[in-house]
Peer 1: 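Take a look at the following structure, please.
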Amino acid sequence: MSEILKRHPAILSVSELFSTVGPHAFRPDRPSGAAFWRHLSRPSRALSRTGNPQVAPREFLYGRVPDPAHDPFLCPPILAITLPHLFADPDAVFATLARDVPTWPRRSLAAQYLSLFDRLAADLGGRRVWVERSGGSLVASGTLLRMFPAARPVLLTRSGPDTALSMRDYPATRLAIWMWRRLAPLGIDLLSPRHHYGRGAIWPLIAAAGGVAGLGPILSARPTLADCGAFWSELTRKGLGPLAGHAPLILSYESLCRAPQDEIRRLGLYLADEAPEAWVEACAALPQVRPTRLAALDPADRREVELACAPGEAALAAWTQGRSLP
């Protein structure tokens, strides 16, 4: 999806910025330019353990940059994915931002982000629409709509069980599932609609502790199928709530693979009021149909993950049909 957005001539594809800024993504409310840049640029040991060339070679784009100016195993958050996704020389763009952003005045966090996106859009020839796409950002839907009330949200869905199985194999979501389970008895909810990860004041402290502690065993151990499915269900149910009263474009991974031209055209028209046929045709080959991973599970495991995902699937079905969430 990020690559599809990147190829649209009017869209700035801000890929995984909020997820890599992590515990500071949506706070504080009114940072100075220096504080804003610090959160974008200060390497995080916790991030480096979940995103580096070894544990996430496909997702961690800075690991592919030739002669990088920063250590790929401890790089600034904005360099992990966002800048390499947009620019052939992300280090040069980073150096320019490092000079300018700290001079920006204190203002709302939304205004800081909008200035950053305007700057990146100008560097790419004047893109007029920005789209931030972070995995799992549904949990922040309420925060995002408050920060950017004029936004046109897109809800991208996928089969719950298949998503849960992907989560089980990805280091960042393994850590998220572990935190969700272990911190809940302490009254700390990773998926709270108002105090979720990236927004609540506790998360920078937890991230700092995680950067010091040994995360290796957590990242290498697969969560149970029940935990993966329950996490996906909880994220879905809580993230859909704040979307009440809004009308996001709903896309599904399955429909995007089945009819890519139609769905890509819908996306372009919704976000940018245009869907150039050359763009649609060029992007139509990007979605790749993958067989469901459920087929590789034995019946008991398949039943386990399907049962765990059932509440989220029901909530999504009810929401898309315009009924009250169960």
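Atom set for the values below is all heavy atoms of this structure, side chains included, hydrogens, waters and symmetry mates excluded. Position 1 is the first residue of the sequence; numbering continues from there. Please read these numbers as outputs of a predicted model, since none were measured by experiment.
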Peer 1: Does the pair His85 and Ser13 meet the rule for a side chain to side chain donor-acceptor pair (under 3.5 Å), with working shown?
Peer 2: CA-CA 8 Å; His85 173 65; Ser13 174; 2.9 Å; yes
Peer 1: Which class fits the ring pair His196 and Phe26: parallel under 30°, tilted 30 to 60°, perpendicular over 60°?
Peer 2: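 Ring orientation of His196 relative to Phe26: perpendicular.
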Peer 1: What distance do Trp203 atom CH2 and Ile188 atom CD1 have between them, rounded to the nearest 0.5 Å?
Peer 2: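 Going from the CH2 atom of Trp203 to the CD1 atom of Ile188 covers 6.0 Å.
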Peer 1: Between His39 and Pro28, is there a side-chain heavy-atom distance shorter than 4.5 Å?
Peer 2: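 Yes - at least one pair of side-chain heavy atoms lies under 4.5 Å apart.
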Peer 1: Membership question, hydrophobic clusters at under 4.5 Å side-chain separation (ILVMFWY): are Leu269 and Leu251 in the same one?
Peer 2: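 No; Leu269 is not reachable from Leu251 via cluster members.
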Peer 1: Does the side chain to side chain contact (heavy atoms under 4.5 Å, CB included) test come out yes or no for Leu183 and Leu190, once each step is laid out?
Peer 2: CA-CA 8 Å; Leu183 296 177; Leu190 185 84; 5.7 Å; no
Peer 1: Do Arg293 and Leu297 touch side chain to side chain, with heavy atoms closer than 4.5 Å?
Peer 2: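 No. Closest side-chain heavy atoms not under 4.5 Å.
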Peer 1: When rounded to the nearest 0.5 angstrom, what is the spacing between CD1 in Ile264 and CG in Leu286?
Peer 2: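 Nearest 0.5 Å value for the CD1-CG distance: 6.5 Å.
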Peer 1: Check whether any side-chain N or O of Thr50 sits under 3.5 Å from a backbone N or O of Pro171 as a donor-acceptor pair, and report yes or no.
Peer 2: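 Answer holds: no.
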Peer 1: Donor-acceptor pair, distance only, cut-off 3.5 Å: does the side chain of Ser134 make one with the backbone of Ser19?
Peer 2: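 Checking the backbone N and O of Ser19 against the side chain of Ser134, a donor-acceptor pair under 3.5 Å is found.
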Peer 1: Rounded to the nearest 0.5 Å, how far does CZ of Arg174 lie from CG of Asp169?
Peer 2: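 Answer for the CG-CZ pair, Asp169 versus Arg174, is 5.5 Å.
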Peer 1: Identify each donor-acceptor pair in which a side-chain atom of residues 87-95 lies under 3.5 Å from a protein atom, sequence neighbours left out, and give them as a table.
Peer 2:
unit_1: Asp89; atom_1: OD1; unit_2: Ala92; atom_2: N; d: 3.3
unit_1: Asp91; atom_1: OD1; unit_2: Tyr62; atom_2: OH; d: 2.8
unit_1: Asp91; atom_1: OD2; unit_2: Tyr62; atom_2: OH; d: 3.3
unit_1: Asp91; atom_1: OD2; unit_2: Ala69; atom_2: N; d: 2.9

Peer 1: Looking at Arg38 and Pro102, would you say the former's side chain and the latter's main chain have a donor-acceptor pair under 3.5 Å?
Peer 2: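 Side chain of Arg38 to backbone of Pro102, a donor-acceptor pair under 3.5 Å: no, none is there.
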Peer 1: Can Leu235 be reached from Leu156 by stepping across I, L, V, M, F, W or Y side chains whose heavy atoms are under 4.5 Å apart?
Peer 2: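 Different clusters.
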Peer 1: In plain terms, say whether Glu3 and Arg133 are close enough for a salt bridge, that is, a side-chain N and a carboxylate O under 4.0 Å apart.
Peer 2: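 A salt bridge is absent here (no side-chain N lies under 4.0 Å from a carboxylate O).
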Peer 1: If the condition is side-chain contact (heavy atoms from CB on, under 4.5 Å), which residues does Ser141 pass it with, not counting sequence neighbours?
Peer 2: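 Residues passing side-chain contact (heavy atoms from CB on, under 4.5 Å) with Ser141: Leu138, Pro242, Leu243.
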Peer 1: Show your working on salt bridge (Lys or Arg N to Asp or Glu O under 4.0 Å) between Asp29 and Arg199 and close with a plain yes or no.
Peer 2: CA-CA 10 Å; Asp29 292 328; Arg199 174 62 184 164; 2.8 Å; yes
Peer 1: Taking all heavy atoms of Leu47 and all of Ser44, pick out the closest pair and write down the distance.
Peer 2: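 In this case the closest contact between Leu47 and Ser44 is N-OG, 3.1 Å.
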Peer 1: Report yes if some heavy atom in the side chain of Leu271 is under 4.5 Å from a heavy atom in the side chain of Val131; otherwise report no.
Peer 2: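 The answer is yes; the side chains approach within 4.5 Å.
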Peer 1: For Ala110 versus Met147, what's the shortest heavy-atom pair and its separation?
Peer 2: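 Closest heavy-atom pair between Ala110 and Met147: CB-O, 3.4 Å.
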Peer 1: Heavy atoms, side chains only, cut-off 4.5 Å: are Lys238 and Asp189 in contact?
Peer 2: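 Yes; the side chains approach each other to less than 4.5 Å.
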Peer 1: Around atom CZ of Arg194, are there more than 12 heavy atoms from other residues, nucleotides or ligands closer than 6.0 Å?
Peer 2: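 Check fails, neighbour count at 12 or below.
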Peer 1: So how far is it from Met1 CE to Leu5 CG, rounded to the nearest 0.5 Å?
Peer 2: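 Interatomic distance, Met1 CE to Leu5 CG, rounded to 0.5 Å: 6.0 Å.
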Peer 1: Stepwise, does the ring pair (Phe, Tyr, Trp, His ring centres under 6.0 Å) test hold for Trp130 with Phe148?
Peer 2: CA-CA 12 Å; Trp130 62 266; Phe148 307 109; 5.1 Å; yes
Peer 1: Side-chain contact test, heavy atoms from C-beta onward, threshold under 4.5 Å: evaluate it for Ile81 versus Leu61 and give yes or no.
Peer 2: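 Counting from C-beta outward, Ile81 and Leu61 do come under 4.5 Å.
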Peer 1: Before we go on, tell me: are the rings of Phe231 and Trp178 under 6.0 Å apart, centre to centre?
Peer 2: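 Between Phe231 and Trp178, the centre distance exceeds or equals 6.0 Å.
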Peer 1: What heavy-atom pair brings Pro223 and Arg168 nearest, and what distance separates the two atoms?
Peer 2: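 For Pro223 and Arg168, the tightest heavy-atom pair comes out as O-CD, 3.5 Å.
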Peer 1: Give the minimum heavy-atom separation between Thr20 and Leu17, together with the two atoms involved.
Peer 2: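 Of all heavy-atom pairs spanning Thr20 and Leu17, the closest is OG1-O, 3.1 Å.
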Peer 1: Sort and list the pairs that fulfil side chain to side chain donor-acceptor pair (under 3.5 Å) and have at least one residue in residues 243-252, not counting sequence neighbours.
Peer 2: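 Qualifying pairs, neighbours excluded: Ser252-Ser255.
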Peer 1: I'd like to know if Leu97 and Leu109 are part of one continuous hydrophobic network [Ile/Leu/Val/Met/Phe/Trp/Tyr, side-chain heavy atoms within less than 4.5 Å].
Peer 2: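 Yes, because Leu109 and Leu97 connect within a single hydrophobic cluster, where side-chain heavy atoms sit under 4.5 Å apart.
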Peer 1: Under the side chain to side chain donor-acceptor pair (under 3.5 Å) rule, what pairs show up with a residue in residues 110-121, not counting sequence neighbours?
Peer 2: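 Counting only pairs at least two positions apart or across chains, the side chain to side chain donor-acceptor pair (under 3.5 Å) contacts touching residues 110-121 are Asp100-Arg119, Arg107-Gln112, Arg107-Ser115.
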Peer 1: For a side chain to side chain contact (heavy atoms under 4.5 Å, CB included) check, start with the C-alpha distance between Ser15 and Glu132, then their side-chain angles and the critical distance, and finish with the verdict.
Peer 2: CA-CA 6 Å; Ser15 184; Glu132 202 285 341; over 6 Å; no
Peer 1: Do NZ/NE/NH1/NH2 and the carboxylate oxygens of Arg258 and Glu254 come within less than 4.0 Å?
Peer 2: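 No salt bridge links Arg258 with Glu254.
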Peer 1: Any ion pair linking Arg290 and Asp162 (charged N to carboxylate O, less than 4.0 Å)?
Peer 2: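 A salt bridge is absent here (no side-chain N lies under 4.0 Å from a carboxylate O).
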Peer 1: For Trp104, enumerate each residue passing the ring pair (Phe, Tyr, Trp, His ring centres under 6.0 Å) test, keeping only those at least two apart in sequence or located in another chain.
Peer 2: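 Here no residue qualifies.
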Peer 1: According to a hydrophobic-cluster definition based on side-chain heavy atoms being under 4.5 Å apart (Ile, Leu, Val, Met, Phe, Trp, Tyr only), do Leu79 and Phe18 belong together?
Peer 2: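 Yes: a chain of side-chain contacts under 4.5 Å links Leu79 to Phe18.
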Peer 1: State whether a side-chain donor-acceptor pair under 3.5 Å links Thr236 with Glu234.
Peer 2: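 No, no side-chain donor-acceptor pair sits under 3.5 Å.
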Peer 1: Distance check, rounded to the nearest 0.5 Å: Asn52 atom CG versus Leu74 atom CG?
Peer 2: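 Rounded to the nearest 0.5 Å, the CG-CG separation comes to 10.0 Å.
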Peer 1: Run the side chain to side chain contact (heavy atoms under 4.5 Å, CB included) test on Thr320 and Ile250 for me, step by step, so that the C-alpha distance in whole Å, both residues' side-chain angles and the decisive distance to 0.1 Å come before the verdict.
Peer 2: CA-CA 8 Å; Thr320 54; Ile250 302 174; 3.8 Å; yes
Peer 1: Working note: Trp279 + Glu274, criterion side chain to side chain contact (heavy atoms under 4.5 Å, CB included); need CA distance, chi angles, decisive distance, verdict.
Peer 2: CA-CA 10 Å; Trp279 170 69; Glu274 61 174 301; over 6 Å; no
Peer 1: Arg265 and Glu281: salt bridge (Lys or Arg N to Asp or Glu O under 4.0 Å), yes or no, with the steps?
Peer 2: CA-CA 10 Å; Arg265 188 174 293 109; Glu281 292 295 329; 5.2 Å; no
Peer 1: May I have all residue pairs that pass salt bridge (Lys or Arg N to Asp or Glu O under 4.0 Å) and include part of residues 303-319, sequence neighbours excluded?
Peer 2: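 Every pair satisfying salt bridge (Lys or Arg N to Asp or Glu O under 4.0 Å) with a residue in residues 303-319: Arg302-Glu306.
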Peer 1: Can you find a pair of side-chain heavy atoms, one from Pro31 and one from Arg106, that are under 4.5 Å apart?
Peer 2: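 Of all side-chain heavy-atom pairs linking Arg106 with Pro31, none is under 4.5 Å.
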Peer 1: Would you say Met179 ends up clustered with Ile202 if hydrophobic residues are merged whenever their side chains have heavy atoms under 4.5 Å apart, either directly or through other cluster members?
Peer 2: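 Yes; Met179 is reachable from Ile202 via cluster members.
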Peer 1: Report, as yes or no, whether the 6.0 Å neighbourhood of atom CZ on Arg42 holds more than 12 heavy atoms from other residues, nucleotides or ligands.
Peer 2: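 Counting other residues, nucleotides and ligands, CZ of Arg42 stays at 12 neighbours or fewer.
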Peer 1: Quick one, Trp232 and Pro161 - any side-chain contact, counting heavy atoms below 4.5 Å?
Peer 2: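 No, side chains not in contact.
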Peer 1: For the OG1 atom of Thr82 and the CG atom of Leu120, what is their distance to the nearest 0.5 Å?
Peer 2: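 It comes to 8.5 Å.
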Peer 1: Check for a donor-acceptor pair, side chain of Ser48 on one end and backbone N or O of Arg45 on the other, with a separation under 3.5 Å.
Peer 2: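 It does hold such a pair.
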Peer 1: Is there side-chain contact between Leu249 and Leu155, with at least one heavy-atom pair below 4.5 Å?
Peer 2: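 Heavy-atom side-chain distance check fails, nothing below 4.5 Å.
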Peer 1: Minimum heavy-atom separation for Arg146 and Pro193, please, with both atom names.
Peer 2: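 Heavy atoms only, the tightest pair is NH2-O, 4.4 Å.
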Peer 1: How close do Gly63 and Pro53 get, heavy atom to heavy atom, and via which atoms?
Peer 2: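 Closest heavy-atom pair between Gly63 and Pro53: CA-CG, 3.9 Å.
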